[in-house]
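Report on the following structure.
In each ligand, atom 1 is the first atom listed, and ligand 1 is the first ligand listed.
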Amino acid sequence: VRIEGALRKALDRGEFVLHYQPQVDLATGEIVGMEALLRWKHPELGMVPPGRFIGVAEDTGLIAPIGAWVMRTAAQQNKAWQDAGLGQLRVAVNLSARQFASPDLVADIERVLADTGLPPEYLEIELTESLFMSDIAQAVDVLHGMKALGIKLSIDDFGTGYSSLSYLSRFPIDVLKIDRSFVNDIDRDASDAAIVASIITLAHNLKLSVIAEGVESAGQLDYLRRHGCDEMQGFYFSKPLPADEFAALLRART
Ligand code: G
Ligand code: G
Ligand code: NA
Ligand code: MN
């Protein structure tokens with residue numbers, strides 16, 4: 001099966017689903033947010049991981065309709081859970097380079113908020129540093145346009161990019177997400193531990209919130225808590241879950 005042809009039909013055939021991974025406040029232990037992660041259930045290929053098709057979707061332009069579907073579905077789902085009394089959580093969606101470059105981006109987000117009725121502060125957009133590289137001035141404009149809608153902005157995979165730190169004070173960002181490659185070894189590797197502690201301090205000095213990704217052990221969690229990290233996301237608490245399982249998790253905790 002050729003990925004590209006199959007990808008073209010996947011939206012119409014309803015083959016995409018979102019899984020949701022909880023984000024937990026380290027001070028209270030409460031689930032305060034979730035990251036929506038795209039999954040493709042192909043009838044013959046089975047579950048195709050995003051690493052195998054996001055790049056193809058980018059290259060072919062299919063990421064535009066797919067990304068639009070992701071944002072709308074995540075916002076709709078979050079609003080439905082809020083209306084069902086399952087809590088006032090944020091939902092974070094990943095944005096690809098092509099989506100970020102689209103002149104319609106801000107209007108598209110605004111329409112999703114209007115159509116779904118989700119209050120803007122419960123939608124978060126995850127951006128990677130690579131999105132800003134080609135034109136910093138343009139990126140600043142787009143970020144301010146998104147920020148003016150009242151949504152939250154986060155930097156994904158923080159620490160793995162090669163951009164200047166100066167953008168952090170110029171960009172209207174709310175959250176740094178510490179890349180899981182640093183979190184992975186905080187128990188064993190003194191320099192990774194130091195990097196994580198430094199990112200937490202940097203974030204707080206810039207009045208940003210900080211979340212650690214890829215937390216897999218009690219030892220990692222303990223280190224993050226001792227260093228004042230705000231939130232965590234990772235297999236130690238939960239893997240990304242299908243919507244019904246995520247709702248069951250929320251119900252069990254309320
Ligand atoms: O969930 P998983 O570890 O399989 O995700 C692998 C990669 O795919 C991650 O880098 C994640 O950011 C990316 N990804 C998952 N869902 C989406 C999505 O809806 N849009 C984009 N652009 N990337 C996504
Ligand atoms: O690039 P991005 O940060 O969007 O990638 C998120 C991906 O990380 C998701 O696909 C998710 O499956 C994966 N992930 C989430 N928690 C963990 C974890 O604790 N360990 C590992 N190895 N991967 C994780
Ligand atoms: Na992400
Ligand atoms: Mn990440």
Side-chain angles (χ1 to χ4, degrees), residues 7 10-11 15-24 31 33-42 45-78 91-102 105 108-109 112 123-131 153-161 173 175-187 192 196 199 203 210-221 223-224 229 231-243 245-246:
L7 202 53
L11 260 186
E15 292 170 358
F16 290 119
V17 289
L18 293 182
H19 284 190
Y20 298 90
Q21 187 174 36
Q23 300 174 327
V24 177
I31 300 175
M34 59 215 157
E35 180 176 356
L37 292 154
L38 183 60
R39 300 289 180 256
W40 179 15
K41 290 182 181 172
H42 188 275
L45 299 173
M47 200 63 116
V48 188
R52 279 198 55 206
F53 68 87
I54 294 283
V56 180
E58 273 275 314
D59 294 344
T60 55
L62 288 167
I63 196 68
I66 295 171
W69 178 87
V70 168
M71 196 177 295
R72 184 165 293 268
T73 304
Q76 254 165 9
Q77 180 64 82
N78 193 23
V91 65
V93 300
N94 291 281
L95 206 69
S96 75
R98 259 217 215 209
Q99 287 176 281
F100 189 70
S102 163
L105 177 64
D108 289 347
I109 298 171
V112 165
L123 179 65
E124 178 177 316
I125 305 288
E126 296 196 5
L127 308 145
T128 53
E129 293 166 87
S130 60
L131 301 186
L153 301 177
S154 58
I155 304 291
D156 198 11
D157 307 333
F158 185 76
T160 61
I173 287 157
V175 181
L176 295 187
K177 298 193 75 180
I178 306 174
D179 190 70
R180 68 169 186 260
S181 61
F182 302 114
V183 174
N184 201 36
D185 280 339
I186 47 184
D187 302 340
D192 279 354
V196 168
I199 294 174
V210 61
I211 177 165
E213 298 186 290
V215 177
E216 294 184 353
S217 75
Q220 293 165 355
L221 182 59
Y223 182 90
L224 293 163
C229 189
E231 294 177 22
M232 69 95 147
Q233 174 182 346
F235 296 165
Y236 182 70
F237 185 81
S238 171
K239 65 180 172 44
L241 300 171
E245 289 178 36
F246 191 89

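When all heavy atoms of R39 and P240 are compared, the closest pair comes out as NH2-CG, 3.9 Å. Here the closest heavy-atom approach between residue L153 and residue I173 is recorded as O-CG2, 3.8 Å. What you find for G219 and D187 is that their closest heavy atoms are C-OD1, 3.5 Å. In plain terms, the two heavy atoms of D59 and R98 that are nearest each other are O-NH2, 3.3 Å.
Inspection of the environment of the Mn ion (ligand 4) yields the following protein N, O or S atoms under 2.8 Å: D156 OD1, D157 OD1, E213 OE1, E213 OE2.
For ligand 2, the atoms lying closer than 4.0 Å to a non-hydrogen atom of E216 are 18 (C), 19 (O), 20 (N), 21 (C), 22 (N). The atoms of ligand 2 that sit less than 4.0 Å from any heavy atom of G234 are 16 (N), 19 (O).
Q99 pairs by the side chain to side chain donor-acceptor pair (under 3.5 Å) definition with S96, not counting sequence neighbours. Residues satisfying the side chain to side chain contact (heavy atoms under 4.5 Å, CB included) criterion with V56, sequence neighbours excluded, are I3, E4, L7, T60.
No side-chain N or O of Q21 forms a donor-acceptor pair with one of E35 less than 3.5 Å apart.
With Q220 contributing its side chain and N184 its backbone, the two residues share a donor-acceptor pair below 3.5 Å.
Ligand 1 is surrounded by L37, L38, R39, P50, I54, V70, N94, S96, each with at least one heavy atom closer than 4.0 Å.
Under the 4.5 Å side-chain criterion, counting only non-hydrogen atoms from C-beta, I155 is in contact with E129. In this structure, V91 and Y20 have side chains that are in contact, with non-hydrogen atoms separated by less than 4.5 Å.
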